[in-house]
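To start, the structure under review is shown below, and the notes come after it.
In the text below, chain A, chain B and the rest are named by the order of the sequence lines, each starting its count at 1. When reading the values below, keep in mind they use all heavy atoms of this one structure, side chains included, and skip hydrogens, waters and symmetry mates.
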Amino acid sequence: MTSPPYPRRPEAAPELPGLKPGGIAARARAAMTPSAPDAAYLTGLNPEQREAVETLDGPLLVLAGAGTGKTRVLTARVAHILATGRAFPSQILVVTFTNKAAREMKERIHAMVGDQIEGMPWLGTFHSIGVRILRRHHELVGLKSGFTILDTDDQIRLLKQLLAAENIDEKRWPARLLASTIDGWKNRGLSPKDVPPGEGAVFANGKGGMLYAAYQARLKALNAVDFGDLLLEGIRLFRENPDVLAEYHRRFKYLLVDEYQDTNVAQYLWLRLLAQGSKNVCCVGDDDQSIYGWRGAEVDNILRFESDFPGAKVIRLERNYRSTGHILASAAHLIAHNEGRLGKTLFSEGEEGEHVTVTGAWDSGEEARAVGEEIEALQRAGHKLSEIAILVRASFQMREFEDRFVTLGLPYRVIGGPRFYERAEIRDALAYLRCVNSPADDLAFERIVNVPKRGIGDATVKQVHDVARAAGVPLQEAARVLTQSEELKPKVRATMRGLIEAFDRWREQSRTLSHTELAEIVLDESGYTEMWQKDRSAEAAGRLENLKELVRSMEPFENLAGFLEHISLVMDTDNGAGEDAVQVMTLHSAKGLEFDTVFLPGWEEGLFPHQRALDEQGKAGLEEERRLAYVGITRARASARIWFASNRRIHGMWNSTVPSRFLDELPDAHVRVEESRGGVGWGGSAYGGGYGGGSYGQSRFDRAEPFAASSYSTPGWQRAQGQRSREGGGSRSGFSERPGGRFDAGAAGRRGGPTVIEGTLVASSTGAPSTFRTGERVFHIKFGYGEITGIDGNKLTVQFDKAGEKRVLEAFVERV
DNA sequence: GTGTCTCTCCTTTTT
DNA sequence: GGAGAGACAC
């Protein structure tokens, strides 16, 4: 162990010593006797935290800013409820958003109360608790026992079939769009009959509502539910069966909800129904960290809390234990630009620490190189890599960092990203197992009927479908019937029969063999493993490795059904945790985490704030992006390092960018602008140069490379400058000083603004034929000299002397 | 039925 | 620069 790289401030609470299990009664007595010393879980709590822990009766809303010890309050509260003997472990409902949060909560409660945690079945995500309830009462919502939970993939395939059946052009109305539309309705607690007709008509010329209803009918027929149904059906269950609801009212004496700002309407309704029993509901949240509006989260749920639960007490936690002064001040100043917030003032009594730094890189490659160097320097100085995180806005940004780290041999770990259970080979393998487990799983059967290729193509599958529909039986059964008739060609018939018999055999074996042995047999005998063994592509080895990992991950489960249930809800695996590696993840998945050093790359208009958020959500979108920035900065304990690149490749083409407006919203006094040490550096800028003369990196602009200066005379660049100065007018504090300004305008008005990544602007505004000709010599600021070999509108194909052939926008080259 | 080529469109975040 | 869908040849 190296010494801690950063001094922990004295306020930082020491780790709570775990209470020894046993002696509940004694502890309860101790806790209830006024003169008794504090129970261990109470030590180190500040007065507000303590109040939040000890206010057990009635509704309570805890507004907890970033790093104010919110999880600590929740876990201590559970410990307190148990220690005071107010409820049994099984009478406490604790709901979190992510599996990760649930896991962490479980561990921390375990550390406080010991084995009592074993008796807490109602600690989990909204969805996992939702399934648990539905499984117990499946018959009341029209489901058979053992219903399956569809993943997104299944959902899309099902919708595609529906669209095809309705002769709807999938090009124009993609299944994916329908899926997210339906999802949106479900998030708002709307079943097909509740969807406002006008809204239902938006999709596919009025067929949206009908498709939703048809989809639900198909789900029922398949004895399946999707994610949204886990809550929606639960709500229906409670509403239609007051006796069932009453049972849960009796059961849950205390309800605790984490990350309340992220709840959507369906979750809110579900929760409200349950909370009407004991009314001892405690919600913990932070409106400034609401970053899931795009998937239906309603910050309003926080605002509604007091009216929904009359007499609710509100406690604010504002003392930050995590970050140093400069970091906290930067985050606070930034988030103050948001109008729609409850308003909290975070403070810390810690030292000022390091300034937040802002550094410009020439391009995304240099950004990655420079960050890599800084990380190596930190490593040499004794910092642990696992205390360093790179938080990106969009996952495509990760690649460049990964490439760089691979080159450097720097251990890193991508959190989130393409998830294990979403990989094609894992899904295929699971589909086989699902077919064994439940012969009626049509979607699984369809997925693997011709994987590996067996000569069963679309035409045959359609035949099977027809038989299934006519006879009202599952596909597997229909296939069996078909093989007994003369309708299939002999070869196909033999193959199909072989497959059906294999499934029968595996099902038989599943009675005697362990589920891991069974999985190995299924994968081998189906030819699936062989398919990848024969595959000579680069990923094949990794895929085989993943299959082995899949079998290994089945071990802890009792049986196949248990495993399948688990993975439908928990889409991540927890492997690789604990090793010393740089953590790379999106800002979204960083919520709730903290690190000593946080790198925040890609602060450029269009990327962050993301163009799409602005286009689709306007001002609300911008504010959510700003909250995301706030979340990012507040993840850092001691060092927050923001980066932006002047050039970034988007859709494979280089685009020049404009630094994020969020940079302008950081307070001067707490931020230091640094120069990139690597490469050509940041050769010019939007920032400062002709723009308010801000204090940022002034020296830099005075000596832009000569070629850079000339390149900045391109039309696109001047346009950006124009936009920028018209917009900014010398003010550094951003748009909030311009109330009712351009961000209230419609999406169309925003298009031409500085939010546009420059290249996009040029690309969309140049309709005229190119003034360049093939064979001309040109200069590009990144790639140097080259010769034009092809022209496509305003896109040029250039054979560069050094960089090879590239496609570039004509606005970024000039004749030589 | 399968393999291969080209074209288009896209690329935020996730239970 | 990458995935997915459609067209076309075998």
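The backbone N or O of Arg649(A) sits nowhere less than 3.5 Å from a side-chain atom of Asn655(A) that would complete a donor-acceptor pair.
Set against dT13(B), dT15(B), dG1(C), the side chain of His127(A) has dT15(B) as its closest nucleotide. Of the candidates dT2(B), dG2(C), dT13(B), dT13(B) carries the atom nearest the His588(A) side chain, counting heavy atoms from C-beta on. Candidate nucleotides dG1(B), dT13(B), dT15(B) were compared by shortest atom distance to the side chain of Ala459(A), and dG1(B) ranks first. Among the nucleotides dT15(B), dT2(B), dG1(C), the one closest to any side-chain atom of Lys453(A) is dT2(B). For Ser395(A), taking side-chain heavy atoms from C-beta onward, the closest of the listed nucleotides dT13(B), dT15(B), dT14(B) is dT13(B).
Look at CD1 on Ile291(A): it is 9 Å from P on dT14(B), rounded to the nearest Å. The interatomic distance linking Tyr260(A) (OH) with dT15(B) (P) rounds to 21 Å, in whole Å. For Gln289(A) and dT14(B), the CD to P distance is 16 Å, given to the nearest whole Å. What separates CZ of Arg626(A) from C1' of dT13(B) is a distance of 18 Å, to the nearest Å. For Leu177(A) and dG4(C), the CG to P distance is 18 Å, given to the nearest whole Å. dT15(B) atom P lies 14 Å from atom CG of Asp258(A), rounded to whole Å. Between the P atom of dG2(C) and the CD1 atom of Ile650(A) lies a distance of 16 Å, rounded to the nearest Å. Rounded to an integer number of Å, the gap from NZ of Lys591(A) to C1' of dT15(B) is 13 Å.
Arg427(A) and Asp151(A) are joined by a salt bridge, as a carboxylate oxygen and a charged side-chain nitrogen come within less than 4.0 angstrom of each other. For Asp183(A) and Lys186(A), the salt-bridge test fails: no basic side-chain N is under 4.0 Å from an acidic carboxylate O.
Exactly one of Asp262(A), Val257(A), Asn264(A) qualifies for a side chain to side chain contact (heavy atoms under 4.5 Å, CB included) with Phe126(A). That residue is Val257(A).
For dT15(B), neither phosphate oxygen OP1 nor OP2 lies less than 4.0 angstrom from any side-chain nitrogen or oxygen of Ser568(A). Contact check, Asn450(A) against dT2(B): a side-chain N or O comes under 4.0 Å of OP1 or OP2.
Positionally, the nearest nucleotide of DNA chain B for Lys489(A) lies more toward the 5' end than for the other of Lys489(A) and Thr125(A).
Note on Lys160(A): only backbone sugar-phosphate atoms sit closer than 4.0 angstrom, heavy atoms only; bases stay farther off. Contact annotation for Tyr292(A): backbone-only contact, meaning every heavy-atom pair under 4.0 Å involves sugar-phosphate atoms and none involves a base. Thr460(A) comes within 4.0 angstrom of sugar-phosphate atoms only, judged by non-hydrogen atoms across all strands, and of no base.
Residue pairs meeting the ring pair (Phe, Tyr, Trp, His ring centres under 6.0 Å) criterion with at least one member in residues 608-629 of chain A, sequence neighbours excluded, are Trp603(A)-Phe608(A), Phe608(A)-Phe662(A).
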